[in-house]
Each structure stands twice: as C-alpha cells, then as structure tokens.
**Student:** 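Let me begin by handing over the structure; questions about it come next.
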Amino acid sequence: MEFLGKILSFLWRCWFVFLSTIATIFFGVFFVLPLSIRDEDFAKAYFFERLWAKTIFYGSGLSLKKHGFPNIDESHPYLIISNHTSMMDIMLMLLINKKPMVFVGKKELLNLPIFGYIFNRMNIVVDRKDPNSRSKVIRESIKNVKLGRSICIFPEGGVPEREIMLDNFLDGPFAIAIMNKIPLLTISICGLKEILPYSYCEGKPGLVDVYFHQTLETSRLNKTHIPEIKETCYEMIHSQLKRYYWRKERGWPAK
C-alpha cells in the first residue's frame, strides 16, 4: 500500500506540474505580461494573476477554509505576512487577497521559466547578496504603497526544513511596515506543508486552513519597535500552528 501511495502521489505531482505550466503560459503570456506594461493596468493584471492562482489551486484538488477573517479597511494598503510552507503559498495569498498587492521575493525566483519574468514585472525582487538591493526594495515598497497596493512578504525568508514548524523572522518586513506606516496583517497557513512538500514522490489533494489574526497598527512605531512587533507576529503564527497540529494529532477538526 505504501508503494501504491507513492505512485499516486507522483502522478498527482505530475498533474500539478502540468497544470501549473499550462496555466502560467496561458494567463501569464497572454494576459498578465501585456497588462503589466502600464501601472494603470496593474489591477487588471492582478485579476488575471488571481485567475491563474485559482486554476492551479483548485485544479490541483485543494480546498480552502478561512478562520477569523478580519474586517479589512480597503481604503489603505497593508503589509501582509505569513509562514512559508510550500511553492503553493503565492497562489494561496493571491487567492485570499482580492485587493491588488505585490510580493517581495528572492532573486532565485527569477530562474523559473516564464514565471520568473512575470514575477519580476509585477513584484519586488530582493537580492540578499547585493548591498544595494535593500534600498531598492524600500523605494519600490514606498512607490507601491502610494499607489494603494498592499505588500506581501514571507518573513522566514524561505521555506524551512520539514521538521521546523516556524523559522526565525527577518527584520525587513517589519521595517517596511513601520517605514510606510501601514498596518500589519498576520496570516497562518496550516496543512499546506503536508499537502505539497518538497519531494517528488509526496503530495496529495487536501484542505488548507488559513487563519487571519488581529491587525497591528504601525503608525506610531519606529525602528526601535521592530524586535517587539516581530516577536508579537511570530508568536501569533507559532501559537496557531501548535494549536492546529495538537488538534490534528488527536483527530479533531481545525477551529
């Protein structure tokens, strides 16, 4: 049975890769790229980005359950942070955020065919090896916030190893939120790491639970508050992950 399970998981991964490739070519080349040329068309490009995300997420047999959805004031942007669990996180964040936003992502994403080029056109790329990259990220974040776009960052800086529930947070996302005086929206993603792990013979359709936590204001904060607010957000996500897996071990539904 274990061997059969690996075969089925491998076939599912093949379908996921095939669907992702077709959806990226179709939506990316024919819709997102042409609409990413002008800032005036960003919202239209973002609409097709979300269609791309929905196609891959639901087409791969995944489902979504939201918990504690907050009353978001859409009149201003947010700095959105979440734990990083898999390559599907970007699709998931596009799925749950209707208001146009940009990601801050690693330079390594640009190595992905087609997707990397589109990501570079629509989002903010950071190169941790380049000392000038930080100032560029700050300039780009200020520009996008002024245009009313939220910013999404995974503060762990990458997907941690499977045995690590939540890796340490970087300071960057919190510095950007404080510098732009925008609220922090913290989100916990539960279950996706098990559904789509970094292994060719593992993976399956399943339910992803997403928890929205209380938003945190940054308008009165300065850079000396970064360690405090970083710890607060870390504890929000870490506590939720511990509760989720504690209930899962006992066969109880998520809540």
Side-chain angles (χ1 to χ4, degrees), residues 49-50 53-54 56-58 60-74 76-105 150-170 172-174 176-177 182-198 203-218 226 228-255:
E49 273 193 317
R50 295 190 71 237
K54 289 179 179 180
I56 298 174
F57 188 88
Y58 292 120
S60 298
L62 276 62
S63 57
L64 172 65
K65 186 175 182 180
K66 301 176 184 178
H67 305 263
F69 194 74
N71 293 321
I72 296 178
D73 182 0
E74 295 192 355
H76 59 74
Y78 288 78
L79 194 291
I80 304 168
I81 64 168
S82 172
N83 55 313
H84 209 352
T85 65
S86 79
M87 63 185 74
M88 188 73 85
D89 292 342
I90 290 178
M91 293 80 151
L92 179 60
M93 299 307 287
L94 287 168
L95 204 63
I96 62 180
N97 290 286
K98 295 181 180 180
K99 183 178 172 62
M101 67 175 183
V102 298
F103 292 92
V104 176
S150 294
I151 299 173
C152 181
I153 308 178
F154 300 106
E156 294 168 277
V159 178
E161 297 295 329
R162 186 179 301 192
E163 63 273 11
I164 299 176
M165 182 180 292
L166 186 65
D167 212 346
N168 295 327
F169 283 1
L170 302 173
F174 309 96
I176 290 174
I182 54 176
L184 267 163
L185 174 58
T186 305
I187 297 174
S188 296
I189 301 173
C190 299
L192 193 49
K193 181 178 285 190
E194 292 74 28
I195 290 172
L196 193 62
Y198 276 93
K204 58 184 179 180
L207 173 67
V208 180
D209 289 280
V210 175
Y211 297 83
F212 294 83
H213 302 290
Q214 179 183 3
T215 55
L216 300 175
E217 290 294 333
T218 65
I226 290 176
E228 178 185 346
I229 198 167
K230 180 172 70 171
E231 182 180 354
T232 299
C233 293
Y234 184 94
E235 186 56 33
M236 281 183 183
I237 298 177
H238 193 235
S239 297
Q240 182 56 62
L241 291 175
K242 288 194 294 185
R243 285 194 297 270
Y244 174 83
Y245 287 109
W246 185 85
R247 296 183 65 86
K248 185 177 180 181
E249 287 173 0
R250 287 155 180 77
W252 298 352
K255 63 179 296 185

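Just so it is clear, the structure is predicted and the values come from calculations on it, not from any experiment. Any value given below was found using the heavy atoms of this structure, including those in side chains, with hydrogens, waters and symmetry copies removed.
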**Student:** To the nearest 0.5 Å, what is the distance between OG1 on T85 and CZ on R162?
**Tutor:** 12.0 Å
**Student:** Counting only N and O atoms by type, is there a donor-acceptor contact under 3.5 Å from the side chain of S60 to the main-chain atoms of L62?
**Tutor:** no
**Student:** Report the distance from atom OG1 of T218 to atom CD1 of I229, rounding to the nearest 0.5 Å.
**Tutor:** 6.5 Å
**Student:** Is it the case that more than 12 heavy atoms not belonging to K99 sit under 6.0 Å from its NZ atom?
**Tutor:** yes
**Student:** Is there side-chain contact between N83 and M165, with at least one heavy-atom pair below 4.5 Å?
**Tutor:** no
**Student:** Nearest 0.5 angstrom please: N97 CG to L185 CG, how far?
**Tutor:** 7.0 Å
**Student:** Has K65 got more than 12 heavy atoms of other residues, nucleotides or ligands less than 6.0 Å from its NZ?
**Tutor:** no
**Student:** With a 4.5 Å limit on heavy-atom distance, are the side chains of F212 and I96 in contact?
**Tutor:** yes
**Student:** Please say which of H238, H67, H213, Q240 ends up in a side chain to side chain donor-acceptor pair (under 3.5 Å) with S188.
**Tutor:** H213
**Student:** If I take atom CG from residue D167 and atom OH from residue Y234, how far apart are they, to the nearest 0.5 angstrom?
**Tutor:** 7.0 Å
**Student:** Between F57 and L94, is any pair of side-chain heavy atoms under 4.5 Å apart?
**Tutor:** no
**Student:** Do C233 and L216 make a side-chain contact, defined as non-hydrogen atoms from C-beta onward lying under 4.5 Å apart?
**Tutor:** yes
**Student:** Quick one: list whatever passes ring pair (Phe, Tyr, Trp, His ring centres under 6.0 Å) with F154, sequence neighbours left out.
**Tutor:** H84
**Student:** When you measure from the side chain of Y211 to the backbone N and O of C190, does any donor-acceptor pair fall under 3.5 Å?
**Tutor:** no
**Student:** Should the heavy atoms of other residues, nucleotides or ligands under 6.0 Å from CD of E235 be counted, would the total exceed 12?
**Tutor:** yes
**Student:** Any non-hydrogen side-chain atom of I182 less than 4.5 Å from a side-chain atom of H76?
**Tutor:** no
**Student:** Under 3.5 Å, is there a donor-acceptor pair between the side chain of T215 and the main chain of P183?
**Tutor:** no
**Student:** Just jot down the salt bridge (Lys or Arg N to Asp or Glu O under 4.0 Å) partners of K193, sequence neighbours excluded, or say none.
**Tutor:** none
